[in-house]
There are 2 protein chains.
Amino acid sequence: MSTQPVPAEQVAALRRFNRYFTRRIGALEDHYLGQDRPLGEARLLFEIAERPGGVSLRELRSRLGLDAGYLSRMTKALEAQGLVRLSAHPDDNRLRMVEPTPAGRVEVTEQNRRADALAAGLLDALAPGRRAQLVEAMATAQRLLRLAAITVDLVDGASPDARACLDAYAAEIDARFPEGFDKSDLVGPAEVSGEAGAFFVAYEEGRPVGCGALRRLEPGVGEIRHVWVHPEARRLGLARRILAALEEAATARDCTVVRLDTHASLTEAQAMYRASGYTEIPAYVDHVYGDHWFEKQLPGPAV
Amino acid sequence: MSTQPVPAEQVAALRRFNRYFTRRIGALEDHYLGQDRPLGEARLLFEIAERPGGVSLRELRSRLGLDAGYLSRMTKALEAQGLVRLSAHPDDNRLRMVEPTPAGRVEVTEQNRRADALAAGLLDALAPGRRAQLVEAMATAQRLLRLAAITVDLVDGASPDARACLDAYAAEIDARFPEGFDKSDLVGPAEVSGEAGAFFVAYEEGRPVGCGALRRLEPGVGEIRHVWVHPEARRLGLARRILAALEEAATARDCTVVRLDTHASLTEAQAMYRASGYTEIPAYVDHVYGDHWFEKQLPGPAV
DNA sequence: CATGTTCTTTGACTTTAGTCAAAGAACATG
DNA sequence: CATGTTCTTTGACTAAAGTCAAAGAACATG
């Protein structure tokens, strides 16, 4: 974005909320307290208990950003208390796996119960209608904050993240449509690099959660393809952001119009395209999987 | 409230939001970091910088809940770094006053600038319309969370908190209406205790922020008086909660109807009474300051 | 199979955060 | 003005949190 600066009042509003929330309400999530356990140990135990199948120390280390020695000692302490069990990794004997014991699971469950009770106590003060309003406002805020925290980056079409997204896209279409999906229909890295096209990957907390490709159909005409959003990142409005990035890239590449095709059953996608200024047109190309075609006139390049 | 339990889904929603927010967004408010300063010192410096006129160590201690020795050492450290200045209290030589130096103020300002930049960076990723939506959702959430965190407690009408609220109420009316307000018109402690009546004070973080009184007009008929909310706690919906508490108390005291009077210029209050089931009636008593009268039928006592 | 890399453990630290009690100065009160 | 109280400082601790480097076992690779 960055076309015009964010109003100071909005910045202040976010910080105000932030301060209020972390100080007053965030304390609810201190289920860590209560049990007379150091915070570090409690946090670690929670992280371990979230994966009943076991985690490697290595993953814990990178997840929690802990020093190897520090982590080693803490897990040992938890083991001595009978809360976790350590074992060797089946395939790699350098790695050690940790999993919660029943006792460890009980402690975590108990803490969660207490945190739930605290949260319920807070909500209980509100009349049902207001409670519903609060829950809705929080859902909206979380949705928008997630969207804001996602970045849409131009990447090489051959990069692992790009390929991973395209694979997920292909697998999803393949599973969804009876006719299946042939991977050879995916764009190649050469088509979406440099002056010819572009490839964007959306990242949430370092993980790729969406993509979109732009390639040149003919001079002045771009084609948008493979707009995909990870199931867990849907309904945030991410597809629109990817679309906007692709259109901007098309404009920068002297396109005056972009086209795309989509499938009749994807009614949501069609609604989004229409809302974004696309109009339906006759078939411009004979893709196997599309049966509806759209195009949008782009504004001229910036003066 | 507590008439029926809070749905588990709403509890989960609050905790989900809480977790997401503190983990992902709350980090924004870690302006403490960046400067290579221990958290305790940074927190203390911020607290001191908020009061350019100076604070006593005593107040800081109670505000931050710190040990006297610990606080003494930390202020000394800040003084050694040239960030705060210590002096004696003009009236009481036991107390020591702390105030920020220009250097201390600069550091705090700089940290705030960084936190603003982080927040702006996050908001910048959203289109203006969505940003406005986010700000509104946060405002709604904060309003309702504040309301939820306020308790409405039955207290003795003679308690200092009760008298403080009544004084504020009287002062406000006195300032607001040309005819002034005569304190002798306030309810006496005896009228609002035991079987005769009730007095409620609303507390937010330990501070009284509202009140309301119930007294007996005649057998079966209660009168609600002095419903007041602190200016900083208005527009949260607190008056309705106080009203609900008073009505419940009236029901418990075998009242079948409650009455109240209000002033024509308080249009918001009148709207609230109507929305809460009150209907306008002719004057039932000759108070000096009221010119509109309302009553509400209460449900019979619980079976 | 030699060599470099990855992963964990261990020992030896440091800093932060916080507690407790004693002592002294200043004030408040009868 | 003696006595108790309040407030701050200081000394002497402790526990938690974290850092750094060395060492050894297991794996990966040419």
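A, B, ... follow the sequence lines: proteins, then strands. Residue 1 opens every chain.
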Sidechain N-carboxylate O distance under 4.0 Å for A/Arg19, B/Glu50 | no
Review point. Does the B/His226 side chain pair with the main chain of B/Val187, one donor and one acceptor, at a distance under 3.5 Å?
Key: yes
When rounded to whole Å, the CZ to P distance for the pair A/Arg94 and C/dC7 reads 6 Å
For atom CD of A/Glu205, is the number of surrounding heavy atoms from other residues, nucleotides or ligands below 6.0 Å larger than 12? yes
B/Asp92 has its side chain closest, among C/dC7, C/dA17, C/dA26, to C/dA26
Here the distance between atom C1' of C/dT6 and atom CZ of A/Arg96, to the nearest Å, is 16 Å
Taking NZ, NE, NH1 and NH2 as the nitrogens, is one of them in B/Glu9 or B/Arg16 under 4.0 Å from a carboxylate oxygen of the other?
-> yes
Note: B/Phe200 and B/Leu154 closest approach over all heavy atoms is CD2-N, 3.6 Å
B/Leu95 atom CG is separated from D/dT6 atom C1', nearest whole Å, by 9 Å
note: B/Glu59, atom CD; D/dC7, atom P; distance rounded to Å ~ 12 Å
Separation of C/dA25 atom C1' from B/His89 atom NE2, nearest Å, is 16 Å
From CG of A/Leu57 across to C1' of C/dT10 the rounded distance in Å is 14 Å
Are more than 12 heavy atoms from other residues, nucleotides or ligands located less than 6.0 Å from atom CZ of A/Arg207?
-> no
Here the residues of residues 60-75 of chain B within 4.0 Å heavy-atom distance, strictly under, of DNA chain D are B/Arg61, B/Ala68, B/Gly69, B/Ser72, B/Arg73
Residues of residues 76-87 of chain B with a heavy atom under 4.0 Å from any atom of DNA chain D, listed by number, are B/Lys76
Q. Near A/Glu59 CD, under 6.0 Å, is it more than 12 heavy atoms from other residues, nucleotides or ligands?
A. yes
Bend of the helix from C/dC1-D/dG30 to C/dG30-D/dC1 from end-axis comparison, five pairs per end, nearest 10°, comes to 20°
Of all heavy-atom pairs linking B/Ile150 and B/Ala202, the shortest is CG2-CB, 3.9 Å
Of A/Val108, A/Thr101, A/Val98, the one forming a side-chain contact (heavy atoms from CB on, under 4.5 Å) with A/Ile48 is A/Val98
| query | Is any side-chain N of the basic residue among B/Arg43 and B/Glu47 closer than 4.0 Å to the acidic one's carboxylate O? | reply | no
Atom CZ of B/Arg43 and atom C1' of C/dG18 are separated, to the nearest Å, by 11 Å
Whole-Å distance, A/Asn93 CG to D/dA26 P, equals 6 Å
Q) Should we count CZ of B/Arg146 as having more than 12 external heavy atoms under 6.0 Å? A) yes
